2 protein chains.
Amino acid sequence: MEICSKNCINKEKVEETVKTIPAQEEINQMADIFKALSDPSRLKIVLAILNQEHCVCEIATICGQTDSAISHQLRILRTLKIVKNRREGKVIYYSLEDEHVISTINMSLDHVRH
Amino acid sequence: MEICSKNCINKEKVEETVKTIPAQEEINQMADIFKALSDPSRLKIVLAILNQEHCVCEIATICGQTDSAISHQLRILRTLKIVKNRREGKVIYYSLEDEHVISTINMSLDHVRH
DNA sequence: TCTTCATATGAGCATTTGTTCATATATTAA
DNA sequence: TTAATATATGAACAAATGCTCATATGAAGA
């Protein structure tokens, strides 16, 4: 890595920090989770099933969106293993899968509310 | 709100959950912070100044991006009050402003590393 | 079997996003 | 004042995103 191309750069500080930067793959994984929560519609879906499971239609009602839009978003959340589902006849119930996401959400809720 | 348009909807459960959903403005604020961390390049910038302040050129070196790209991203992070800066002559040093973001990042780091 | 209901998915489209490139601003030194 | 350095910003553009609409799938009941 080219480190000394500018006068303002403190080589030691830069090398020190470079050592602490996670691998790109880890950064991408972190970013993926944040991206899942970064869209207000998708975040609202996650908030809707934070305390209890709901079927797709219920989530759509709670979020004021179409079933289709919710289903598309749930697919993204499923792929990222943020939500899980269980079938009961025709109805599919969704709930949160990732404990870490739950605490992240609760922390963020605390933040905006205080 | 139209709640009973479908058979599968449990009205009580929906009303219960609706009470717990934050105001739209709060949801948007939460989403904004997550969005700030949702792009790998921007997340890397935040990670670069997690432990110590750096100037724009140093951040660019650490992140392997141009000064301009970094500057554009820092503007977004500044607007969201995630980073702060101080001037020292020609050089501007950036560091993290929001304590809550710091713990969110550390939590996320823990998550991907274990 | 045929219909209905709940959910999923593909294509298409408008909007947003992140980068590049050129240029502007601000500070320091000559 | 002029030149050099560090940072900021505007325009432009390619890529990604979230929604709609049409259609498909899968389960239950008539």
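Predicted model, so just to flag it, every value in this text is computed and none were measured.
- The separation between A:Ile9 atom CD1 and D:dA6 atom C1' is 11 Å, rounded to whole Å.
- Between D:dT7, C:dT7, C:dA8, one nucleotide has an atom nearer to the side chain of A:Lys6 than all others, and that is D:dT7.
- Checking the phosphate oxygens (OP1, OP2) of C:dA26, no side-chain nitrogen or oxygen of B:Arg87 falls inside 4.0 Å.
- Taken to the nearest 0.5 Å, the NZ atom of B:Lys13 stands 5.5 Å off from the OH atom of A:Tyr93.
- Among C:dT7, D:dT20, C:dA22, the nucleotide with an atom closest to any side-chain atom of B:Ser68 is C:dA22.
- Along DNA chain D, the nucleotide nearest to A:Gly89 and the one nearest to A:Cys8 differ in position, and the one closer to the 5' end is contacted by A:Cys8.
- Rounded to an integer number of Å, the gap from CG of A:Asn7 to P of C:dA29 is 12 Å.
- When the side-chain nitrogen and oxygen atoms of B:Thr66 are compared with OP1 and OP2 of C:dT20, one or more of them lie within a distance under 4.0 Å.
- Between B:Tyr94 and D:dA8, a side-chain N or O to OP1/OP2 separation shorter than 4.0 Å is present.
- Atom CG in B:Asp67 sits roughly 15 Å away from atom C1' in C:dT23 (whole-Å rounding).
- The nearest whole Å value for the distance from the CG atom in A:Leu77 to the P atom in C:dA8 is 12 Å.
- The only member of B:His54, B:Lys84, B:Arg78 that meets side chain to side chain donor-acceptor pair (under 3.5 Å) when paired with B:Tyr94 is B:Arg78.
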| Candidate pair A:Lys35 and A:Leu80, rule side-chain contact (heavy atoms from CB on, under 4.5 Å), full reasoning | CA-CA 10 Å; A:Lys35 181 169 288 173; A:Leu80 288 166; over 6 Å; no
| task | Test A:His111 against B:Met30 for side-chain contact (heavy atoms from CB on, under 4.5 Å), laying out the working first. | result | CA-CA 8 Å; A:His111 183 57; B:Met30 293 169 74; over 6 Å; no
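- Between A:Ala69 and A:Lys90, the one whose closest nucleotide on DNA chain C sits nearer the 5' end is A:Lys90.
- Rounded to an integer number of Å, the gap from B:Arg86 CZ to D:dA6 P is 16 Å.
- Separating the CG atom of A:Leu43 from the P atom of D:dT17 is a distance of 17 Å, rounded to the nearest angstrom.
- Look at A:His72 and the base of C:dT9; the rings stack, centres closer than 5.5 Å and planes less than 30° apart.
- Nearest to the side chain of A:Ser41, among C:dT19, D:dT7, D:dC19, sits D:dC19.
- Taking atom NE2 on A:His54 and atom C1' on C:dA6, their separation rounds to 17 Å, with Å as the unit.
- Note on B:Gln73: a side-chain N or O is less than 4.0 Å away from OP1 or OP2 of C:dT19.
- Taking the nucleotide of DNA chain D with the nearest heavy atom to each of A:Arg42 and B:Glu58, the more 5' of the two is matched to B:Glu58.
- The NE2 atom of B:His100 lies 8.5 Å from the CE atom of B:Met107; values are rounded to the nearest 0.5 Å.
- Heavy-atom nearest nucleotides on DNA chain C were determined for A:Arg75 and for B:Asp39, and the one closer to the 5' end corresponds to A:Arg75.
- At least one side-chain nitrogen or oxygen of B:Lys35 sits closer than 4.0 Å to the OP1 or OP2 atom of C:dT17.
- One can place CG of A:Asn10 at 13 Å from P of D:dA6, the figure rounded to the nearest angstrom.
- The structure places CD1 of A:Ile70 at 5.0 Å from CD of A:Gln65, a figure rounded to the nearest 0.5 Å.
- The side chain of B:Val56 lies closest to D:dA8 when the candidates are C:dA8, D:dA8, C:dC5.
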